[in-house]
Protein chains: 2
Amino acid sequence: MVTQKDVAKLAGVSISTVSRVLNGSSLVDGETKKNVESAIKKLNYKPNLVAYGLRAKSSKLIGLILPELVHQAYSMIAQYVETRASDKGYSMILGVHRNDPECEKWLIDDFQRRNVDGIILQPVHDEPHTSANLKEYTRVPMVLYGQSFSSDQMGTVQLDNYKAGIMAAEHFVKLGHRHIACTAGPINMEYLRERLNGFRDGLTKHNIVISQQDICACELNYQVPGVVSGQRAVMQFLDGRDRKDYPTAIWAHNDLVAVGIIKELHQRKIRVPEDVSVIGMDNMVLTDMIYPPLTTIGQPLEQMATMSVDILLKEIELKEQYVPENIRMEPQLIIRQSTGKYSENVI
Amino acid sequence: MVTQKDVAKLAGVSISTVSRVLNGSSLVDGETKKNVESAIKKLNYKPNLVAYGLRAKSSKLIGLILPELVHQAYSMIAQYVETRASDKGYSMILGVHRNDPECEKWLIDDFQRRNVDGIILQPVHDEPHTSANLKEYTRVPMVLYGQSFSSDQMGTVQLDNYKAGIMAAEHFVKLGHRHIACTAGPINMEYLRERLNGFRDGLTKHNIVISQQDICACELNYQVPGVVSGQRAVMQFLDGRDRKDYPTAIWAHNDLVAVGIIKELHQRKIRVPEDVSVIGMDNMVLTDMIYPPLTTIGQPLEQMATMSVDILLKEIELKEQYVPENIRMEPQLIIRQSTGKYSENVI
DNA sequence: GTGAAAGCGCTAACAG
DNA sequence: CTGTTAGCGCTTTCAC
């Protein structure tokens, strides 16, 4: 490894001078500056970031902690965050907590011990730990991503999940549907509750009530794939009912579940969208590949990721002065072919 | 930040003693040890890894560099590497080079300046840079992932792509197909050439030759989605031919392309697998969600990722003594419903 | 303008 | 067994 020392020796100056030209410090003689620079080039010297960080109390490193990477929504975030961070001169250290609070804590800890300048965290969602809770063992700037709570202690970036529910509801209503069902996912997740609330409220506004039996609180653990949850949901909605009592529209709380729903409906010779309309959630690339292409609600992932980085950097820069922002991004309805007009005589 | 100094003061010992109990150094008096430990607990002291790394010349950090994260094969790798590294006491810094050689170089550099203990790299594939080439600006242990070249300078882990080609060919032959086509992807990528060679050889063994017109060298840039490439391939194979001259079996060089092929075939009222059999490549989760579920060839991603980490750690440990291993993993044929027996009278 | 010296938090050699 | 000292590579006073 070539160090400042080597450069200094070659240039015939002191170490601190080298440091000065490196940091573009004022007042270095033009001649010495040139000397040093040519020595740097000749030796191909690159400042060591660890030593820099130890001294300067800034590592130019941010940490990203995600539940996992398999779902596309997560891996996209990871990529977008890396890209943005990189653009801003930061590197990214990545951790995956697999929804295990212990692991999450461990990662936060590890990152701090590595002197990260800040952390972007999508918290485990089983435990509804508050931001205050988190703040307890976090002493670096932090941005909370994708969870449905606001905080006056740190920045947060999330989707407007309530709005997503409204959008799904309105789309169904506009198409003339009256008997509408949905999957809710695990109700202990705040953001899923919000979506459900939005959905419900959106329907209520048009005097449609959604019965308890038409809400499938499918579990979401990593053992049960989303597709299977979708198939199960269809069982709940259809089994033991007369055909005329089938819902004609179903909103799934994510695209994988929607795919499962469509799959199961097909198997039962129920057509999508002629007999039943389906809306998904997330706008994964696969939604455009299945038959029929899925109407779904997209999250502006790139913006959200970019925003998270920007907020974090602001937080890093402003320190105590930073006034926490709680950003909620607009979801977007993407209409494809899994939704259609309600027609009475079909079912 | 609480440091060793604080612990030392509270425990009434010297800094080095604290360091000793931390590192489980031999010969520390039982009593002092207990003192120090309780002080550590009381202050909730956590050793700073940056300072440790600067001194000990080991950061317990590895770097992972991937082309991108959007394709599932990549994000899975990232997750598996993180998990394995974490299990082994390492953290992971992640970079994405988007197939830009400049960016790749920059990342390697940045990681080294951060004193990573080693790097796992999936190189950009446009430029056929050799491992020697890479070695030039890399002075930490490195494992090459997923590229089809061996190296006597560093470890490599890759799929046996030739074998994958053989497998696809044999499956088609076994089903009775004679007129067989495939997509080859960009031919400047060695691993894709290998797949094609395997495919060709597998067919040749059964006296089947694949004509140039039945090989679609679709481009793979990030502008053209795989699905579109697949649709284009179908055009090449079918347009301007008599129906009886259609190939009855197509191997796609990845699942997305396969999906595009199936989509286009459906649009032309050609049935899969009754009229045309399709095999994909990669075994992405979506393969089980489309209709018909896709027969494909899977890579043992978890094993490959785990192996990469293990090799890298071995390389880190053994240093100069490490004898580079070039691992080739077996692909696996996953038979679903997009392939069927050839029957003459169908088309 | 530039060098010498101190120190970031930690480990390791050397004395005692 | 334990404290003192030096030093990892860098920045930053403080003198000159």
Side-chain angles (χ1 to χ4, degrees), chain A residues 1-37 39-40 43-61 89 109-117 139-140, chain B residues 1-37 39-40 43-61 89 109-117 139-140:
Chain A
M1 179 186 254
V2 28
T3 74
Q4 280 188 2
K5 210 172 174 179
D6 305 311
V7 176
K9 193 182 295 176
L10 182 64
V13 296
S14 79
I15 281 185
S16 40
T17 304
V18 176
S19 175
R20 282 191 189 99
V21 332
L22 240 49
N23 296 300
S25 161
S26 54
L27 304 312
V28 184
D29 186 79
E31 198 57 26
T32 33
K33 188 173 173 187
K34 243 167 223 149
N35 268 339
V36 172
E37 272 164 351
I40 288 177
L43 294 172
N44 191 29
Y45 163 76
K46 305 269 170 63
N48 182 292
L49 291 170
V50 174
Y52 165 83
L54 184 61
R55 179 69 232 229
K57 296 287 182 200
S58 158
S59 54
K60 293 289 180 185
L61 224 202
D109 234 70
D110 180 77
F111 286 6
Q112 292 187 116
R113 294 174 57 194
R114 292 186 182 279
N115 288 5
V116 293
D117 289 341
R139 50 185 208 330
V140 296
Chain B
M1 179 187 253
V2 29
T3 75
Q4 280 190 0
K5 211 172 174 180
D6 305 309
V7 177
K9 193 183 296 178
L10 182 64
V13 295
S14 78
I15 280 185
S16 44
T17 305
V18 177
S19 175
R20 282 191 191 99
V21 332
L22 240 50
N23 297 302
S25 159
S26 55
L27 304 313
V28 185
D29 185 78
E31 199 58 24
T32 31
K33 189 174 173 184
K34 243 167 223 149
N35 268 338
V36 172
E37 273 164 352
I40 287 178
L43 294 171
N44 191 28
Y45 163 76
K46 305 271 171 59
N48 181 293
L49 291 170
V50 174
Y52 165 83
L54 184 61
R55 178 70 232 226
K57 296 284 181 204
S58 157
S59 54
K60 293 289 181 186
L61 223 203
D109 234 68
D110 180 77
F111 286 6
Q112 292 187 115
R113 293 174 57 193
R114 291 185 183 280
N115 289 3
V116 294
D117 289 341
R139 53 187 206 331
V140 297

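Throughout, protein chains are lettered first and strands after them, A, B, ... in sequence-line order, and every chain is numbered starting at 1. None of the values given here were measured: they were computed from a predicted structure.
Comparing Ala51(B) and Gly30(B), the nucleotide of DNA chain D nearest to each residue sits closer to the 5' end for Gly30(B). With the nearest nucleotide of DNA chain C identified for both Ser14(A) and Val18(B), Ser14(A) has the one nearer the 5' end.
Between Thr32(B) and dT2(D) there is a side-chain polar atom (N or O) within less than 4.0 angstrom of OP1 or OP2. Between Lys57(A) and dG9(C), a side-chain N or O to OP1/OP2 separation shorter than 4.0 Å is present. Of the side-chain N and O atoms in Asn48(B), none sit less than 4.0 angstrom from OP1 or OP2 of dC8(C). One finds a side-chain N or O of Thr17(B) lying less than 4.0 angstrom from the OP1 or OP2 phosphate oxygen of dG3(D). Here Tyr45(A) reaches the OP1 or OP2 of dC10(D): one of its side-chain N or O atoms lies under 4.0 Å away. Under 4.0 angstrom from either OP1 or OP2 of dT11(D) there lies at least one side-chain N or O belonging to Ser19(A). Listed pair Ser16(B) / dT2(D) fails the phosphate criterion, with no side-chain N or O lying under 4.0 Å from OP1 or OP2.
Checking side-chain atoms of Arg114(B) against main-chain N and O of Ser59(A) turns up a donor-acceptor pair under 3.5 Å.
Following rounding to the nearest Å, Gln4(A) (CD) and dT12(D) (C1') show an atom-to-atom distance of 12 Å. Protein atom NZ of Lys5(B) is 10 Å distant from nucleotide atom C1' of dC8(C), rounded to whole Å. Regarding Asn23(A), its CG atom lies at a distance of 12 Å from the P atom of dT13(D), rounded to whole Å. Distance Glu31(B) CD to dT2(D) P: 10 Å, rounded to the nearest Å. Distance Ile15(B) CD1 to dA6(D) P: 15 Å, rounded to the nearest Å. Summarising the geometry, the separation between CG on Leu22(B) and P on dC10(C) is reported as 8 Å, rounded to the nearest angstrom. Distance, Leu54(A) CG to dC8(D) P: 13 Å, rounded to whole Å. Whole-Å rounding puts the Asn35(A) CG to dG1(C) P distance at 16 Å.
By the 4.5 Å heavy-atom criterion applied to side chains, Val36(B) and Val7(B) are counted as neighbours.
In this model, a side-chain donor or acceptor of Arg20(B) finds a partner on the base of dG3(D) within 3.5 Å. The base of dG7(C) is paired with the side chain of Arg55(A) by a donor and an acceptor separated by under 3.5 Å.
Exactly one residue among Leu43(B), Ile40(B), Val18(B), Val2(B) makes a side-chain contact (heavy atoms from CB on, under 4.5 Å) with Leu10(B). That residue is Leu43(B).
Going from atom CG of Leu22(B) over to atom CD of Glu37(B) covers 9.0 Å, rounded to the nearest 0.5 Å. Going from atom CD of Gln112(B) over to atom CG of Asn48(A) covers 11.0 Å, rounded to the nearest 0.5 Å.
Residue Val50(B) is out of contact with every strand shown, counting any heavy-atom pair closer than 4.0 Å.
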